[in-house]
Amino acid sequence: MIAVVTDSTCDLHPDSARQLGIHVVPLQVHMRDRTLLDWQEVDPDAVYDHLRAGGTVTTSPVPADTFAARYRELLATHDQVISIHLSGKLSETVRHARQAAESTGESSRIHVLDSELACGPLAEVVMAARDVIQAGADLQAAAQAVHATRNRIHSELSVATLDYLRRSGRIGRAQAFLGSVLGVRPILNFEAGQLKAVRRARVDQAAGDMLGNLRERFGTRPLSVTIMHAGRDTTRINALREAMTASGLNVQKGRVQLMGPVIGAHVGPGTYGFSALPLDG
C-alpha cells in the first residue's frame, strides 16, 4: 500500500481529507501571541476577521520532526509514502519534508514532490495521485499523475490588495505595484512555483475576466472547476457559481473550496479565484 501525504495548504477540509484517505500535515499560524495548527486549531474566518480588524497573522512551515514522526507512523502500515507539498518557492515545507525523509533512514520508501502549487491546485494534484493509487498504480505512476495534472491545470486568483503578499515576501515590490491602482483588482497565477501578478481587472469585472481567460484557454473541453474563496461569504460564493454557469465553460464537475488560515494570511480577505482541470486528458 502507498500512503498519500500532503500539507494543510491544500485546503482540503480535514473531514474531506480523511474520507479520501489523504494524510494532511498542518503548517502553523501565529496570531494573537498564539501558535495554532492550520485548519485543526484555527478556522479560516478567524484569520480573515483578525486581518480585517487590522491584526497581524504570520505562518511557519511544517517542522521536519513532525514530518519524520508521520512518515514513521505510516511506514509501519504502508509499503511506501508519496508526500506532495506546496511550492518550495513559497515555503520551506517541502525542504523540511525531504530532510525528514532522510532522517528516517527509509528515504527509499518515501517520495517527496514539490507541486509548485498551493490551495485548490495543490488539492487537485494530491487527489490525482490518490485516485491512481486507489486504482492500483505504483509510486512512479502516482508521481507521473502529479506532474501531468500540474501541467494541465490552470488557476487564477484575484486579490483585493497585494499588500499581504508583499509583506510576507511572497511577491516583490515591483509586482505589488501592479495592484496599486484604485478600482482594480490584481489577477495572479502560478508560474514556475511562484505567484505572479499577470494583469488587472476592474473590481466588478474580475470574475468575468478570469472565467473568460479559462474559456479562451480551454474552449468547450469538459472541465473540473473549483471555486476558491477566502471566507464563508455565501452571497459572493453564489455569485461566483452563477458567473461560472453563465461563462460558457463546459463544467462537468465543480466544487467550492475555502482558502484556509495559512493561505488566507498571505492573500488576505476578499480573495477568490477559479481552478480548471480538463477531463479529457
Is it the case that one hydrophobic cluster holds both [X] and [Y], taking links as side-chain heavy atoms less than 4.5 Å apart, direct or via other members?
X      : Y      : result
Ile263 : Leu258 : no
Leu249 : Leu240 : yes
Phe218 : Val251 : yes
Ile22  : Leu37  : no

What I'd like to find out is whether the side chain of [X] reaches to under 4.5 Å of the side chain of [Y], using heavy atoms alone.
X      : Y      : result
Leu195 : Leu165 : yes
Val81  : Ile2   : no
Ile110 : Leu74  : no
Thr235 : Ile237 : no
Arg200 : Ile187 : no
Gln257 : Cys10  : no
Val225 : Met244 : yes
His266 : Thr59  : yes

Let me confirm one number: the [atom1]-[atom2] distance from [X] to [Y], rounded to the nearest 0.5 Å.
X      : Y      : atom1 : atom2 : value
Leu223 : Leu214 : CG    : CG    : 7.5 Å
Arg152 : His147 : CZ    : NE2   : 14.0 Å
Gln194 : Lys89  : CD    : NZ    : 5.0 Å
His96  : Asp7   : NE2   : CG    : 12.0 Å
Glu92  : Arg98  : CD    : CZ    : 11.0 Å
Asp11  : His229 : CG    : NE2   : 13.5 Å

Show the nearest heavy-atom pair for residues [X] and [Y], with the distance to one decimal.
X      : Y      : value
Ile82  : Ala143 : CD1-N, 3.9 Å
Leu188 : Ala197 : CG-CA, 4.0 Å
Leu75  : Glu106 : CD1-CB, 3.6 Å
Ala64  : Gln99  : CB-OE1, 3.9 Å
Val29  : Val262 : CG2-CG2, 3.7 Å

Evaluate side chain to side chain donor-acceptor pair (under 3.5 Å) for Ser103 paired with Tyr71, printing each intermediate quantity in order.
CA-CA 10 Å; Ser103 75; Tyr71 292 154; over 6 Å; no

Using atom types as modelled and distance alone, determine if a side-chain donor or acceptor of Ser8 lies under 3.5 Å from a backbone N or O of Pro26.
no

Answer yes or no: is there a donor N or O on one side and an acceptor on the other, between the side chain of Thr149 and the main chain of Ala145, under 3.5 Å?
yes

Pairing residues for His50 by the side chain to side chain contact (heavy atoms under 4.5 Å, CB included) criterion, not counting sequence neighbours:
Met31, Arg32, Val57

Table please: side-chain donor-acceptor pairs of residues 267-281 below 3.5 Å, with sequence neighbours left out.
unit_1 : atom_1 : unit_2 : atom_2 : d
Thr271 : OG1    : Val267 : O      : 3.2
Thr271 : OG1    : Gly268 : O      : 3.0
Ser275 : OG     : Ser155 : OG     : 2.8
Asp280 : OD1    : Arg221 : NE     : 3.2
Asp280 : OD1    : Arg221 : NH2    : 2.9
Asp280 : OD2    : Arg221 : NE     : 3.3

Determine, step by step, whether Met210 and Ser247 satisfy the side chain to side chain contact (heavy atoms under 4.5 Å, CB included) criterion, reporting the C-alpha distance in whole Å, the side-chain angles of both residues, the deciding distance to 0.1 Å, and the verdict.
CA-CA 10 Å; Met210 289 185 284; Ser247 67; over 6 Å; no

All N/O donor-acceptor pairs, side-chain side in residues 112-130, below 3.5 Å, sequence neighbours left out:
unit_1 : atom_1 : unit_2 : atom_2 : d
Asp114 : OD1    : Gly88  : N      : 3.3
Asp114 : OD1    : Glu116 : N      : 2.8
Asp114 : OD2    : Gly88  : N      : 3.0
Ser115 : OG     : His85  : O      : 2.7
Ser115 : OG     : Leu117 : N      : 3.0
Ser115 : OG     : Leu117 : O      : 3.4
Glu124 : OE2    : Thr226 : OG1    : 3.2
Glu124 : OE2    : Arg255 : NH2    : 3.4
Arg130 : NE     : Leu20  : O      : 2.9

Return each pair, listed once, that meets salt bridge (charged side-chain N to carboxylate O under 4.0 Å, His left out) where at least one residue sits in [range]; pairs must be two or more places apart or across chains.
range            : value
residues 237-252 : none
residues 33-49   : Asp43-Arg232, Asp45-Arg232, Asp49-Arg52
residues 264-274 : none
residues 58-67   : none

From CA spacing to verdict: side chain to side chain contact (heavy atoms under 4.5 Å, CB included), His154, Asn189
CA-CA 8 Å; His154 185 74; Asn189 66 16; 3.8 Å; yes

Could you go through the side chain to side chain contact (heavy atoms under 4.5 Å, CB included) check for Val5 and Ile84 one step at a time?
CA-CA 6 Å; Val5 175; Ile84 309 158; over 6 Å; no

Would you say Arg202 has more than 12 foreign heavy atoms packed within less than 6.0 Å of its CZ?
no

Examine the side chains of Arg185 and Ser158 and answer whether a donor and an acceptor come within less than 3.5 Å of each other.
yes

Is there any ring pair (Phe, Tyr, Trp, His ring centres under 6.0 Å) pair reaching into residues 2-34, and which pairs are they, with sequence neighbours excluded?
His13-Trp39

Salt bridge (charged side-chain N to carboxylate O under 4.0 Å, His left out) involving Glu102 - partner list, sequence neighbours excluded:
none

Side chain to side chain donor-acceptor pair (under 3.5 Å) with Asp15: which residues, sequence neighbours excluded?
Arg18

If the condition is side chain to side chain donor-acceptor pair (under 3.5 Å), which residues does Asp209 pass it with, not counting sequence neighbours?
Arg199

Derivation and outcome, side chain to side chain contact (heavy atoms under 4.5 Å, CB included), residues Thr93 and Phe67:
CA-CA 9 Å; Thr93 292; Phe67 273 126; 3.7 Å; yes

Check which hydrophobic residues are tied to Met1 through side-chain heavy-atom contacts below 4.5 Å, counting indirect links as well, and list them.
none

